[in-house]
Amino acid sequence: MADENIFLFIPNLIGYVRVVLAIVACFFMATDPWMTVGLYLLSGFLDAFDGQAARYFQQSTKFGAVLDMVTDRCSTLCLFIVLGQFYPAYLVTFQLLAVLDIASHWIHMYSALIRGDNSHKIIDLAGNPILRYYYTNRYILFFFCSANELFFASLYFLHFSAGPQLSVPWNTEPWGMWKLLAYATVPFAAMKQLISVVQMVVGSKNIAVIDVAERSKLRS
């Protein structure tokens with residue numbers, strides 16, 4: 001049988017479309033929030049669809065897992081760069097969030113791949129309980145990822161406008177919808193960053209365990 005062309009697998013083709021959408025979104029980020037969010041949401045929809053396609057066509061690959069993760073991280077990085085420009089007083093905060101996002105996912109994925117997993121979302125049930133529930137319960141994963149995205153999207157929209165005015169019981173003056181969403185989702189966004197720290201620590205420990213095993217094998 002001829003060698004398969006991994007790069008032309010259906011889920012990977014979907015991944016390339018996500019890359020194009022992310023690049024196009026960069027051109028609108030500073031000026032057109034609705035176009036940017038529309039492209040971002042479409043990319044998010046395809047992110048869910050490519051995983052289903054990989055399972056349906058039995059085309060799950062390590063390359064596809066890496067492509068998916070790198071696209072997500074680069075998209076988030078672009079958003080953090082723009083937010084740092086919109087809110088210069090918090091530039092260092094956004095820089096550190098970007099570093100944490102990239103480092104934690106890269107270390108976790110690398111540890112998963114050298115263990116032989118096809119995806120960083122495959123968690124050893126004997127491993128860390130926080131990551132186990134986070135990655136194996138799709139409702140928890142969806143909730144925290146959505147809340148995290150909503151928080152940063154709210155900050156993004158707040159730069160352009162306060163949004164529709166809504167009455168709130170704790171204030172005589174109405175609040176803009178984006179401000180309300182930011183306050184409602186910030187606790188969950190903070191917890192998502194904590195999960196990233198745990199992910200980075202656990203991934204580092206897994207790599208160290210493999211290092212020790214390999215060194216022990218060489219000495220034996």
Side-chain angles (χ1 to χ4, degrees), residues 18 21-51 68-69 71-105 121 130-131 133-200:
R18 292 190 63 219
L21 290 173
I23 294 172
V24 175
C26 288
F27 288 94
F28 294 96
M29 272 190 174
T31 57
D32 192 333
W34 291 108
M35 176 64 77
T36 300
V37 170
L39 293 168
Y40 198 79
L41 289 175
L42 180 56
S43 177
F45 170 77
L46 291 176
D47 186 23
F49 187 69
D50 66 359
D68 182 59
M69 190 270 286
T71 302
D72 288 339
R73 305 288 64 79
C74 290
S75 298
T76 302
L77 175 62
C78 291
L79 178 60
F80 283 153
I81 291 173
V82 171
L83 289 176
Q85 293 177 329
F86 288 171
Y87 304 98
Y90 298 95
L91 175 61
V92 174
T93 300
F94 290 118
Q95 288 175 322
L96 293 176
L97 287 172
V99 169
L100 175 61
D101 185 63
I102 293 172
S104 64
H105 282 84
K121 295 180 181 179
I130 295 176
L131 295 184
Y133 288 115
Y134 179 72
Y135 277 120
T136 59
N137 189 312
R138 61 180 180 178
Y139 300 108
I140 293 177
L141 178 64
F142 176 79
F143 176 79
F144 276 99
C145 288
S146 298
N148 187 64
E149 297 293 341
L150 271 176
F151 172 68
F152 291 112
S154 299
L155 294 183
Y156 174 70
F157 273 117
L158 268 172
H159 173 74
F160 297 95
S161 73
Q165 298 297 298
L166 303 173
S167 298
V168 291
W170 58 83
N171 200 333
T172 56
E173 297 293 328
W175 278 27
M177 185 173 72
W178 308 130
K179 180 180 179 179
L180 187 61
L181 269 176
Y183 273 94
T185 54
V186 66
F188 305 108
M191 292 176 67
K192 176 69 167 59
Q193 309 317 311
L194 178 60
I195 290 172
S196 292
V197 172
V198 173
Q199 182 173 261
M200 182 167 59

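Remember, predicted model here, so these are calculated numbers, not experimental data. Numbers for residues simply follow the sequence, beginning at 1. The basis for the numbers below is simple: all heavy atoms, side chains too, and nothing from hydrogens, waters or symmetry mates.
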Working to the nearest 0.5 Å, report the span between [atom1] of [X] and [atom2] of [Y].
{"X": "L97", "Y": "N148", "atom1": "CG", "atom2": "CG", "result": "9.0 Å"}
{"X": "F86", "Y": "I81", "atom1": "CZ", "atom2": "CD1", "result": "12.0 Å"}
{"X": "F80", "Y": "L91", "atom1": "CZ", "atom2": "CG", "result": "12.5 Å"}
{"X": "T36", "Y": "L41", "atom1": "OG1", "atom2": "CG", "result": "11.0 Å"}
{"X": "S196", "Y": "I102", "atom1": "OG", "atom2": "CD1", "result": "11.5 Å"}
{"X": "K192", "Y": "T185", "atom1": "NZ", "atom2": "OG1", "result": "13.5 Å"}

For a 4.5 angstrom cut-off between non-hydrogen side-chain atoms, does [X] reach [Y]?
{"X": "F151", "Y": "Y156", "answer": "no"}
{"X": "F94", "Y": "L155", "answer": "yes"}
{"X": "F152", "Y": "T76", "answer": "no"}
{"X": "R18", "Y": "L42", "answer": "no"}
{"X": "K179", "Y": "S154", "answer": "no"}
{"X": "W34", "Y": "D32", "answer": "yes"}
{"X": "L46", "Y": "L21", "answer": "yes"}

Quiz item: Just wondering, more than 12 heavy atoms not from M177 lying within 6.0 Å of its CE?
Solution: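 Enclosed.
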Quiz item: Judged by atom type as modelled, is there a donor-acceptor pair below 3.5 Å linking the side chain of Y183 to the main-chain atoms of W178?
Solution: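 No; judged by distance alone, with no hydrogens or angles, the pair does not exist.
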Quiz item: Okay, side chain of S43, backbone of L39: is any donor-acceptor separation there less than 3.5 Å?
Solution: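 The answer is no, because no donor-acceptor pair under 3.5 Å joins these two groups.
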Nearest non-hydrogen partners of [X] and [Y], listed with the distance:
{"X": "T31", "Y": "F27", "answer": "OG1-O, 4.4 Å"}
{"X": "A184", "Y": "P187", "answer": "O-CD, 3.6 Å"}
{"X": "C78", "Y": "M29", "answer": "O-SD, 3.8 Å"}

Self-check item: Contact list for residues 82-99, test side chain to side chain donor-acceptor pair (under 3.5 Å), sequence neighbours left out
Solution: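 Sorted result for residues 82-99: empty, none.
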Quiz item: Do you see a donor-acceptor pair shorter than 3.5 Å between the side chains of D101 and Q193?
Solution: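 Checked: D101/Q193 side chains show no N/O donor-acceptor pair below 3.5 Å.
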Quiz item: So, do F143 and F188 have ring centers that fall under 6.0 Å from each other?
Solution: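 Yes, ring centres under 6.0 Å apart.
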Report all side-chain donor-acceptor pairs from residues 157-168 shorter than 3.5 Å, counting only partners two or more places apart or in another chain.
from: S161; atom 1: OG; to: G163; atom 2: N; distance (Å): 3.4
from: Q165; atom 1: NE2; to: G163; atom 2: O; distance (Å): 3.3

